[in-house]
Protein chains: 2
Amino acid sequence: MRLVSWNVNSLNVRLPHVEHLLDKLHPDVLALQETKLPDDRFPSEAFEQRGFQVSFAGQKTYNGVALISRYPLEHVRADLPGFNDAQRRVLAATVAGVRIINVYVPNGQEPDSEKFAYKCRWLDALLAFVADELSAHDRLVVMGDFNIAPADMDVHDAARWRDKIMCTALEREYFRRLLALGLVDAVREQLPEDRTIYTWWDYRLSAFRRGWGLRIDHVLLSESLRIRAAGVDVSYRAMDRPSDHAPVWVDVQ
Amino acid sequence: MRLVSWNVNSLNVRLPHVEHLLDKLHPDVLALQETKLPDDRFPSEAFEQRGFQVSFAGQKTYNGVALISRYPLEHVRADLPGFNDAQRRVLAATVAGVRIINVYVPNGQEPDSEKFAYKCRWLDALLAFVADELSAHDRLVVMGDFNIAPADMDVHDAARWRDKIMCTALEREYFRRLLALGLVDAVREQLPEDRTIYTWWDYRLSAFRRGWGLRIDHVLLSESLRIRAAGVDVSYRAMDRPSDHAPVWVDVQ
DNA sequence: GAGTCTGTAG
DNA sequence: CTACAGACTC
């Protein structure tokens, strides 16, 4: 089973890129973040024509998540329990016996800001939700845009990013607590320890051309799922009108 | 000598179309309207690379006129005498002994509006300017977007447009007074009397596809200039991302 | 309907 | 730098 996660930064603009990905990577489950589309504008037909099922939780200009799946999407939920919020940032569904949780973690803007506090509260609620889901689902995946670079290894220039958003000790602590629930960071697990790999490059300052990336998109697997291969398809960041994120893929058994 | 006038509705967006026109129509003088560019963003190099001289009077979001010429642009002026106005709507220059006046006449919004009154005042000032220039220049051209359809013949549906902006008796009277100074409407002169031809089609309601056009862009020639041929190149209205106007061309001797 | 600006977000 | 909304103009 191939899992792919991609922050598309507007599905409206990126639909051709996503269709290209379906043809190239043949995902069984594709988790999208930042669709930026209200539900009545979601391009379901594009996916259904290709034999996929779709589920989405969208809003107008911001956020928005979707699941595209070759198999039925069951027990769908689009919120974090006990976290009252209009922002569409989570979408969970069961696919072929695997519980999939698609997340678009808040960016946080900068440490000390109200948005950073919101990010922390959101992650608290996510931790509780994932812990709860793990108690019910042996086979479980949390994937998406976490807006957290788990270690200095995941940042092109750790000194420059120290204590910056996505790299603070507090955010990394949240990421560790997530793994401590019994999850494995598939890409990090699969690649050699000294191999740097990034999933996001700022649009500004020609960050991609200069190799200024961060690894902030992740696929986390419960221990009963075996990883066969994993990677990041950087070619999508090099295309015309690209998203600022590249898709992450994992083959599981 | 080939003269071309085109309202490009943003030179920023339409530069590729304009370059295409230079290669296809080989104008000696190209008058552009609605460049919508401040002078520090005018793409002079694109024209100079091809051996043209440029002169422009631009502003930020609205209006803006330019002259692109194979021959030197002399005695340039970018205002109407006695008409104090920040809007960049006129650019006059002498090219190879021919006085060229490039105009972007105000649209006027709707009759009775303050903008219509402005259009009339602007046309008063234009009449005085052209009369004055004619006394000094035997060979003279006034070309541009006049925002006036001179006769019912120049409107796809005269009944529907009666007393609408661009078709009011008052605006047509201004146009007649301009001709009465000693100018000839080159395209009307050159084409058979019963031949309809348009230069502008609204972006809305698929006006171009339906043939709902108006002839509001004109090239007016003093009587000492002989017309050899004239026309409207409608193909530019059918291109991708078109301007809502098509270019008008006239060959003079 | 297409364009540009300002403002917001990442 | 890219994307969107909302206001403006034509």
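Sequence lines set the chain letters: A, B, ... in the order given, protein chains first and strands last, and positions in each chain run from 1.
- Atoms CG (Asn9(B)) and P (dC8(D)) sit 19 Å apart, rounded to a whole Å.
- Ring orientation note: the planes of Phe42(A) and Phe56(A) are close to parallel, at an angle under 30° on the 30°/60° scale.
- In the set dG1(C), dA2(C), dA3(D), the nucleotide with an atom closest to the side chain of Arg204(B) is dG1(C).
- The side chain of Asn107(A) has dG10(C) as its nearest neighbour among dC10(D), dG10(C), dC4(D).
- Relative ring orientation between Trp200(A) and Trp161(A) is described as perpendicular, the plane-to-plane angle rising above 60° on a 0-90° scale split at 30° and 60°.
- Nearest to the side-chain atoms of Ser10(A) among the listed nucleotides dT9(D), dA3(D), dG10(C) stands dA3(D).
- Side-chain contact annotation: Asn12(B) with Ser10(B), donor-acceptor N/O pair under 3.5 Å absent.
- Between the CG atom of Asp202(B) and the C1' atom of dT9(D) there is a distance of 12 Å, rounded to whole Å.
- If you measure from atom OH of Tyr118(A) to atom P of dA9(C), you get 13 Å, rounded to the nearest angstrom.
- Separating the CD atom of Glu110(B) from the P atom of dT9(D) is a distance of 12 Å, rounded to the nearest angstrom.
- Put simply, Lys60(A) has no side-chain N or O that comes within less than 4.0 Å of OP1 or OP2 on dT8(C).
- Residue contacts for Arg209(A): at a heavy-atom cut-off of 4.0 Å it reaches no nucleic acid atom on any strand shown.
- If you measure from atom CZ of Phe208(A) to atom C1' of dG10(C), you get 18 Å, rounded to the nearest angstrom.
- Enclosure of atom CG in Asp23(A) by more than 12 non-hydrogen atoms of other residues, nucleotides or ligands within 6.0 angstrom is indicated.
- Of the candidates Leu3(B), Leu21(B), Ile68(B), Leu21(B) is the only one forming a side-chain contact (heavy atoms from CB on, under 4.5 Å) with Pro27(B).
- An OP1 or OP2 oxygen of dA2(C) is reached within less than 4.0 angstrom by no side-chain nitrogen or oxygen of Arg14(B).
- Two residues, Ser206(A) and Leu11(A), neighbour DNA chain D, and the one matched to the more 5' nucleotide by heavy-atom proximity is Ser206(A).
- When distances run from any side-chain atom of Arg241(B) to the nucleotides dG3(C), dC10(D), dC4(D), the shortest one goes to dG3(C).
- Lys36(A) has no side-chain polar atom (N or O) that falls below the 4.0 Å cut-off from OP1 or OP2 of dA5(D).
- Judged by closest nucleotide on DNA chain D, Pro242(A) is the one of Arg41(A) and Pro242(A) placed further toward the 5' end.
- The side chain of Tyr62(B) lies closest to dC8(D) when the candidates are dG10(C), dC8(D), dT8(C).
- Between the NZ atom of Lys115(A) and the C1' atom of dG10(C) there is a distance of 9 Å, given to the nearest Å.
- You'll find that the side chain of Tyr203(B) is closest to dA2(C), out of dT9(D), dA9(C), dA2(C).
- OP1 and OP2 of dT9(D) both lie 4.0 Å or more from every side-chain N or O belonging to Thr61(B).
- The CG-P distance, from Leu214(B) to dC10(D), rounds to 16 Å in whole Å.
- Going from atom CH2 of Trp200(B) over to atom P of dT9(D) covers 17 Å, rounded to whole Å.
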Exercise. Where do His218(B) and Phe175(B) land on the ring pair (Phe, Tyr, Trp, His ring centres under 6.0 Å) test, with the steps shown first?
Worked result: CA-CA 10 Å; His218(B) 309 292; Phe175(B) 193 80; 4.9 Å; yes

